[in-house]
There are 2 protein chains.
Amino acid sequence: MAEQVIGEVSVPGIPSATVARLPFYLRALRDLVARGVTTTSSVELAELSGVGPAQLRKDLSFLGSFGTRGVGYDVDALAGYIAGALGLEDEHRIAIVGIGNLGHALANYSGYEQRGFHVAALLDASPEVVGTRAAGLVVEHVDALEDVVAREGVSIVVLATPAAHAQAVADRVVAAGVKEILNFAPRALQVPADVDVRGVDVGSELQILAFHSQARSLAAAND
Amino acid sequence: MAEQVIGEVSVPGIPSATVARLPFYLRALRDLVARGVTTTSSVELAELSGVGPAQLRKDLSFLGSFGTRGVGYDVDALAGYIAGALGLEDEHRIAIVGIGNLGHALANYSGYEQRGFHVAALLDASPEVVGTRAAGLVVEHVDALEDVVAREGVSIVVLATPAAHAQAVADRVVAAGVKEILNFAPRALQVPADVDVRGVDVGSELQILAFHSQARSLAAAND
DNA sequence: AACTGTGAAAGTGTTCACAGCC
DNA sequence: GGCTGTGAACACTTTCACAGTT
């Protein structure tokens, strides 16, 4: 395990499984803050986050040492450390491409600002949608993607286009210099190795649940 | 590795990492079908699915042996085997709870039927929403949840309620006998061990991307 | 010659259990 | 006494490399 800075951003050497759980911890901590709780333990925080206490402690140990033995963690301070580790200090500017049903819902999702994100632009290819307003923004034409990315300083693009257009849009997004993509289109995107893509696919999630549902029935039948 | 049936549902002994990728393979195979391709290789299918060829072959080996050495895989047949393994043979009936922006988008998501799912009911707590129509269904009151689950034979519930209500709704969903939940509310749900929950949280995904974005900047600064 | 299927190796991730500190 | 932080054990996943088959 490489470098470790205390309190400030640490960075390399944080396992990606740990990174994927930090948002859960942060969410739980912010709930505790909202409820006025000032101190917590690995058992309580783990329960709220849906993981085991050992896992939580191990995860935090990759970021540094934030608790007090025999006592627990300061809720506010720990939330700050995790937010720092996630890079939520600086604001991240987002563009959403594809303002259909889902894009609309994503645009109106509240809680971006609170989490350090700012929706800076909405883009669509359809003349019927371009020019309409959503979430306080005027939808621009996707042809202007490169300009919009530069003008707004977009660092993350959310793709909510139809599957058929997703790859073509992704290519342009990458060409425009964006390195972080959140893809809602049901397609595996082909991108250079230095670009991060995270995919969210409702259909896939349902299919995984269907598998477990079936496994359950079969197990029951074998009695 | 335990039991293995060929072509028919196999079941236990399939690693969950493999199960989570089967939907990608199925998606890619259906694209190939649509394009009229009848035979494929592990290299091609892996590329379309966004994984490595060795991983694909290993994954398929848990389900059985479906290819021909020196030749490749029959696209149609393989799609059928995977669909069978995922339990998409029988139709899964879904209820969506929380018909706000996101619930609306989820209700209108096309492609449920094609993937073996049927949206059987929409539920909401708000009097303003109950009684309205969406996706060809009349929104019912969430108080009738238990009745609706029984009446419609719901096996999967999609939760798109505000975070504050998610746990209470989940408790009732579980009490009604549903074992599979897809949770879009930004909350870790507390459920019995025999209930499967999969969570999708846009905020968390963005935070993970933000982390990578920051890691990139820091790496660049260290030169 | 081409491409699958799979043991074995390497790599990651999780859990345990306890030493260390308050 | 209570709770964190962590090496060491264990479990799971991925990748490699090649034997087996058409």
Side-chain angles (χ1 to χ4, degrees), chain A residues 1-7 10 12-22 24-25 28-29 32 37-75 77-78 81-82 85 193 208, chain B residues 1-7 10 12-22 24-25 28-29 32 37-75 77-78 81-82 85 193 208:
Chain A
M1 187 183 329
E3 298 135 42
Q4 209 91 295
V5 187
I6 321 292
S10 47
I14 304 185
S16 61
T18 294
V19 172
R21 280 185 297 266
L22 293 180
F24 304 161
Y25 304 150
L29 285 164
L32 290 172
V37 177
T38 59
T39 301
T40 188
S41 68
S42 62
V43 171
E44 181 182 50
L45 185 53
E47 163 117 8
L48 290 172
S49 311
V51 305
Q55 176 127 258
L56 168 63
R57 294 202 301 273
K58 176 60 98 180
D59 281 340
L60 293 182
S61 80
F62 290 114
L63 308 190
S65 185
F66 308 115
T68 309
R69 292 169 199 233
V71 178
Y73 301 94
D74 181 275
V75 169
L78 185 56
Y81 288 135
I82 293 178
I208 294 167
Chain B
M1 186 183 329
E3 299 136 40
Q4 210 90 295
V5 187
I6 322 290
S10 46
I14 304 184
S16 63
T18 294
V19 172
R21 279 185 298 265
L22 293 180
F24 304 160
Y25 304 150
L29 285 163
L32 289 172
V37 178
T38 59
T39 301
T40 188
S41 68
S42 61
V43 172
E44 181 183 48
L45 186 52
E47 163 118 8
L48 290 172
S49 310
V51 306
Q55 175 127 259
L56 169 63
R57 294 201 301 275
K58 178 59 101 181
D59 282 341
L60 293 182
S61 80
F62 290 114
L63 308 190
S65 184
F66 307 116
T68 308
R69 292 170 198 235
V71 178
Y73 302 93
D74 181 276
V75 170
L78 186 55
Y81 289 135
I82 293 177
I208 295 167

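Labels below follow one simple rule: chain letters A, B, ... track the order of the sequence lines, proteins then strands, and each chain is numbered from 1. Since we're looking at a predicted model, the values are computed, not measured.
When heavy atoms are screened at a 4.0 angstrom cut-off, B/Pro15 is found touching the sugar-phosphate backbone but no base atom.
As a whole-Å value, the separation of B/Leu45 CG from C/dG5 P is 12 Å. One atom, CG of B/Leu63, and another, P of C/dG5, lie 11 Å apart when rounded to the nearest Å. Rounding to whole angstrom units, CG of residue A/Asp74 and C1' of C/dC22 are separated by 16 Å. One atom, CD1 of A/Ile14, and another, P of C/dG13, lie 12 Å apart when rounded to the nearest Å. B/Phe66 has its CZ atom 11 Å from the P atom of C/dT6, to the nearest Å. We find that CG of B/Leu56 is positioned 17 Å from P of D/dT13, with the value rounded to whole Å.
Residues B/Pro15 and B/Phe62 have side chains in contact (heavy-atom distance under 4.5 Å, counting atoms from C-beta outward). Residues B/Tyr73 and B/Leu60 meet the side-chain proximity criterion, which asks for heavy atoms closer than 4.5 Å. The closest side-chain heavy-atom distance from A/Tyr25 to A/Val51 is below 4.5 Å. Side-chain contact between B/Leu63 and B/Tyr81 is absent, with no heavy-atom pair separated by less than 4.5 Å.
Under the rule for a side-chain contact (heavy atoms from CB on, under 4.5 Å), the partners of B/Val75 that lie at least two apart in sequence or sit in another chain are B/Leu29, B/Leu32, B/Val33, B/Val37, B/Thr40. Residues passing the side-chain hydrogen bond (donor to acceptor under 3.5 Å, both in side chains) test with A/Thr18, sequence neighbours excluded: A/Asp59. In this structure, A/Arg57 has no salt bridge (Lys or Arg N to Asp or Glu O under 4.0 Å) partners at least two apart in sequence or on a different chain. Taking A/Glu47 as the reference, nothing meets the side-chain hydrogen bond (donor to acceptor under 3.5 Å, both in side chains) condition, with sequence neighbours excluded.
Dashed line: the shortest gap from a side-chain N or O of B/Thr68 to OP1 or OP2 of C/dT4 is not under 4.0 Å. Between B/Tyr73 and the phosphate of C/dA2, there is no side-chain N or O to OP1/OP2 separation shorter than 4.0 Å. Side-chain nitrogen and oxygen atoms of A/Ser65 include at least one within less than 4.0 Å of the OP1 or OP2 phosphate oxygen of D/dG5. For A/Ser42, no side-chain nitrogen or oxygen approaches OP1 or OP2 of D/dC3 to under 4.0 Å.
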Pick out the pairs of N or O atoms, protein on one side and nucleotides 14-19 of chain D on the other, that lie under 3.5 Å.
residue	atom	partner	partner atom	Å
D/dT14	OP1	B/Arg21	NH1	2.8
D/dT14	OP2	B/Arg21	NH1	3.1
D/dT14	OP2	B/Arg21	NH2	2.6
D/dT14	OP2	B/Gln55	OE1	3.0
D/dT14	O5'	B/Gln55	OE1	3.1

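Taking a pair as Watson-Crick or G-U with both hydrogen-bonding distances under 3.5 Å, the stems of three or more pairs touching DNA chain D are C:1-22 with D:1-22.
Nearest heavy-atom pair, B/Ala46 versus B/Leu56, reported as atom, atom and distance to 0.1 Å: N-CD2, 3.7 Å.
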